[in-house]
Amino acid sequence: MKIFKPITTEAALDTSSGSASNVGSSEYVRITNTANENTEHLVTLEQSDGTDIGTFTLEGHESVIIFKEATDQLFAADAAVKACGVSIIDVAQPKAHTKHIK
C-alpha cells in the first residue's frame, strides 16, 4: 500500500500545452479525473520545451500517481482533471496482534 502526503494545493490542469503546469516542480503527482464515471480525459506529460513525453487516458472518478522530472509539465483535455504534488511514504503493512484470553 502506498501512502502519500500532499505538498501542493490541488488545482485543475490547464487544457493546452502553452499553459501546462509543472505542479510546483513536484516529481510525484496525484492526478484525479473529477468527471462522471465513463467520462475519459487524455492527460499529456511533456518536457519544459513542449515536447510530448507521453499521454494516457484517465477514467472519470479515477486517480493515479505518476513520476515525472521536476521540470516536466502536465496538461489535460478537460479542466475536470486535477493535480496535486505529493511525496510518497512507504508504510509496511500493519501486523496483526492477537490477545490471549485467560
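All heavy atoms count here, side chains included; hydrogens, waters and symmetry mates do not. Everything numeric here is computed off the predicted structure, so don't read it as measured data.
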Engineer: For T9, what residues pass the side chain to side chain donor-acceptor pair (under 3.5 Å) criterion, not counting sequence neighbours?
Structural biologist: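 Here no residue qualifies.
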Engineer: Between K82 and T34, is there a side-chain heavy-atom distance shorter than 4.5 Å?
Structural biologist: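 They are in side-chain contact.
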Engineer: How far apart are the closest heavy atoms of V23 and A83, and which atoms are they?
Structural biologist: CG2-CB, 4.1 Å
Engineer: Enumerate, atom names and distances included, each donor-acceptor pair closer than 3.5 Å involving a side-chain atom of residues 71-80, sequence neighbours excluded.
Structural biologist:
residue: D72; atom: OD2; partner: E69; partner atom: N; Å: 3.1
residue: Q73; atom: NE2; partner: E46; partner atom: OE2; Å: 3.3
residue: D78; atom: OD1; partner: A80; partner atom: N; Å: 2.8

Engineer: Mind jotting down which residue pairs meet the salt bridge (Lys or Arg N to Asp or Glu O under 4.0 Å) criterion with at least one end in residues 11-21? Sequence neighbours excluded, please.
Structural biologist: none
Engineer: Salt bridge (Lys or Arg N to Asp or Glu O under 4.0 Å): which pairs involve residues 25-39, sequence neighbours left out?
Structural biologist: E10-R30
Engineer: Which residues satisfy the side chain to side chain donor-acceptor pair (under 3.5 Å) test with D49, sequence neighbours excluded?
Structural biologist: T51
Engineer: Linking Ile, Leu, Val, Met, Phe, Trp and Tyr by side-chain heavy atoms under 4.5 Å, what else ends up with I65?
Structural biologist: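 Listed partners: F4, Y28, F67, V86, I88.
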Engineer: Report the residues that fulfil salt bridge (Lys or Arg N to Asp or Glu O under 4.0 Å) with E62, sequence neighbours left out, ordered by chain and then residue number.
Structural biologist: none
Engineer: Without swapping roles, check the side chain of K68 against the backbone of N22 for a donor-acceptor pair under 3.5 Å.
Structural biologist: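 Answer holds: yes.
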Engineer: Are side-chain heavy atoms of L45 and D52 found at a separation under 4.5 Å?
Structural biologist: no
Engineer: Does the side chain of C84 reach to within under 4.5 Å of the side chain of V29, using non-hydrogen atoms?
Structural biologist: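 No, every pair of side-chain atoms sits at 4.5 Å or beyond.
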Engineer: For S87, which residues count as a side-chain contact (heavy atoms from CB on, under 4.5 Å) partner, sequence neighbours excluded?
Structural biologist: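 Per chain and number, S87 pairs via side-chain contact (heavy atoms from CB on, under 4.5 Å) with K5, I7.
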Engineer: Applying ring pair (Phe, Tyr, Trp, His ring centres under 6.0 Å), which residue pairs with at least one partner in residues 39-58 are found, sequence neighbours left out?
Structural biologist: none
